[in-house]
Amino acid sequence: MLTAHLTLDPAFRVAPVHRRTFGTFVEHLGRCVYTGIYEPTHPTADQDGFRQDVLDLTRQLGATSVRYPGGNFVSGYRWEDGTGPRERRPTRLDLAWHSTETNEFGLDEFMAWCRKAGVEPMMAVNLGTRGIESALDLLEYCNIEAGTHLSDLRVANGAKEPHAVRMWCLGNEMDGPWQIGHKSAREYGRLAAETGRAMRMLDPGLELVACGSSGSSMPTFGAWEATVLEETYDVVDFISCHAYYEEHDGDLASFLASAMDMDHFIDSVVATADSVGARLKSKKKINISFDEWNVWYLSRYQNAEPMTGWPVAPPLLEDHYHLADAVTLGGLLISLLRHSDRVTSACLAQLVNVIAPIMTEPGGRAWKQTTFHPFAQAAAYAKGDVLRVETTSPVHETSRFGEVTALDAVATHDGEFTTVFAVNRSVDQPLTLTADLRSLGALRLEEVTTLSGPDPYARNTADTPDAVAPRANSDARLTDGKLEITLPAVSWNVIRLSRQ
Ligand code: AHR
């Protein structure tokens, strides 16, 4: 039996928990929009064509903000196509995903959906095929109250109130050769700076995100961020990070430790941003918008046959997640929370059907994937301040990350409640965790849950939607401020305590 220890102290404050940490992403990709959030013929559809079952699950997930409309899709998108009377909207080819876009669902529908879901919209502008003018037009349409051509058009289209979008991504993954309108760092940095500057002239209160690298394994990683920030430092508030993880060659131990890579990625981008700031003699800090992160079995798609034809809303990227995926995703959430001093916004990519926590059947059921659970629990219970935890833990060797600790954990504390989020990354050994909580005063155990099971590859299906779900862990004991609990191998655990 492995044993680990952690110490918690309210003085170990990292930063506040940012609600935007629990953002997600809706792209016009596969069945995310069509038969995902929007399906007018579905039995649960409301008068706007929004699936109520998906809206309910989105609320249960606790998503706080939603990035839209892409992703790769945005780099060829004309936002105007998705506005105005539906019968006049053009059908277009979507080059990014080799699909046909009917534009039945567009900007005003997305904003209406966000209001119903209770989430903040986060928009991306097209800096692939378009530029400053279309970004300004989109911003005018969204944020100006009335009295100009495009704001009046929005009102005429039925959206009387401005959409008041605060957070804007200046393009998407512009370092990637797959991106429509792919650019060098200098080209992109200049365009992003000028677009952002013009957008701020129209609405000074915006929060702007410059594209960082599409992944830390990109050959231009690091240099890209440095060049882009040299051009945009004064204009933007965030640099983006994107990261997707998968199990390679049955190496579960490395996969479960993916947060090691995310930690390193974040630290590297922060160091790069701060070094640019130092060179520019700026007091400003650039934060990270981790606006795409998830488990994604990307290598399976890379080897797939190229798509033929131009289908409407084909099933694309519909990964079916298992328990180990959920535990890994829990580790990634711990990494994001641990870096709350600089990661102040993040989006799980994506929300429905496309590498998603929520799955739907066209015309049928909606259900929770395994990965739904750690996200929903973190969104619900991470409150107040993030606390760094001091841990001692046994280590094991992994081929990708060398030595890793079995225990990974973070905590949050809001005066009334303290919550510890912990994963046991050992593939085969339970871990007895003791925790010293005395500095938090008199506490009682509120709820302890564990997501685990005998088969790390167990999945949920529409027929067995609760096969993998958090269960009460009755093993925890709290005596005189000292906690003891056993964390099963490959598990995500949430320990909630309240003041006595
Ligand atoms: O989320 C799926 C895709 O991954 C996005 O469209 C793109 O930005 C990234 O490469």
Side-chain angles (χ1 to χ4, degrees), residues 23-34 36-37 63 65-77 79 93-99 101 110 122-129 167-183 188 192 209-221 224-225 228 238-246 258 262 265 288-302 304 307 313-321 325 329 332 345-359 369 371 375:
T24 66
F25 180 23
V26 165
E27 178 167 2
H28 283 254
L29 192 184
R31 299 194 307 113
C32 189
V33 171
Y34 303 107
I37 62 174
S65 52
V66 178
R67 181 168 175 253
Y68 176 85
N72 297 339
F73 173 79
V74 77
S75 296
Y77 184 50
W79 65 267
L93 297 181
D94 162 17
L95 305 185
W97 300 108
H98 217 277
S99 306
E101 175 55 55
F110 174 68
M122 173 178 169
M123 290 294 293
V125 301
N126 174 355
L127 294 189
T129 58
M167 198 161 166
W168 293 79
C169 302
L170 300 168
N172 176 70
E173 294 192 349
M174 300 308 299
D175 62 324
W178 58 86
Q179 202 68 216
I180 304 166
H182 161 232
K183 293 173 177 50
Y188 167 69
V209 187
C211 292
S213 299
S214 48
S216 61
S217 60
M218 292 298 284
T220 48
F221 175 62
W224 172 276
E225 279 77 3
V228 166
F238 298 90
I239 183 94
S240 71
C241 289
H242 290 182
Y244 293 101
Y245 299 95
E246 64 182 299
S258 298
M262 189 182 246
F265 186 3
I288 290 181
S289 167
F290 216 120
D291 46 45
E292 289 189 30
W293 69 274
N294 205 344
V295 173
W296 177 9
Y297 286 84
L298 183 57
S299 56
R300 290 183 198 153
Y301 303 100
Q302 280 165 338
M307 182 109 92
L316 294 177
L317 281 51
E318 299 202 1
D319 277 2
H320 191 183
Y321 293 117
D325 294 326
L329 186 138
L332 299 174
S345 180
C347 302
L348 176 71
Q350 300 193 2
L351 180 66
V352 192
N353 292 327
V354 175
I355 46 173
I358 301 169
M359 295 300 289
Q369 295 238 50
T371 52
F375 188 98

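Ligands are counted one by one from 1 in listed order, and the atoms in each one are counted from 1 as well. Because only heavy atoms are used, hydrogens play no part in the values below, and waters and symmetry mates are left out as well, while side chains stay in.
Protein heavy atom nearest atom 9 (C) of ligand 1, with residue, atom name and distance: E292 OE1, 3.0 Å. Looking at atom 7 (C) of ligand 1, its nearest protein heavy atom turns out to be N72 OD1, 3.2 Å.
Taking the six-membered ring for Trp and thresholds of 30 and 60 degrees, W293 and F375 have nearly parallel ring planes, at less than 30 degrees apart.
Set against the non-hydrogen atoms of E27, the atoms of ligand 1 under 4.0 Å away are 5 (C), 6 (O). Within ligand 1, counting atoms from 1 as listed, the ones closer than 4.0 Å to a heavy atom of E173 are 7 (C), 8 (O), 9 (C), 10 (O). Remark: ligand 1 atoms within the under-4.0 Å shell around heavy atoms of W97 are 3 (C), 6 (O).
S214 and D175 share a donor-acceptor pair across their side chains, judged by distance under 3.5 Å alone.
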Task: Verdict with supporting geometry, H182 and Y188, ring-ring contact (aromatic ring centres under 6.0 Å, His included) - done: CA-CA 8 Å; H182 161 232; Y188 167 69; over 10 Å; no

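Annotation for N353 and R31: closest pair ND2-O, 2.9 Å, computed over non-hydrogen atoms. Taking each heavy atom of F73 and W97 in turn, the nearest pair found is N-NE1, 3.9 Å.
The option from F73, Y244, W296 that lies nearest to atom 1 (O) of ligand 1, judged by heavy atoms, is Y244.
Considering backbone and side-chain atoms alike, Q350 places an N or O below 3.5 Å from some N or O of ligand 1.
Between F110 and P69, the closest side-chain pair of non-hydrogen atoms is not below 4.5 Å.
Contact annotation: for V354 versus ligand 1, there are no heavy atoms closer than 4.0 Å.
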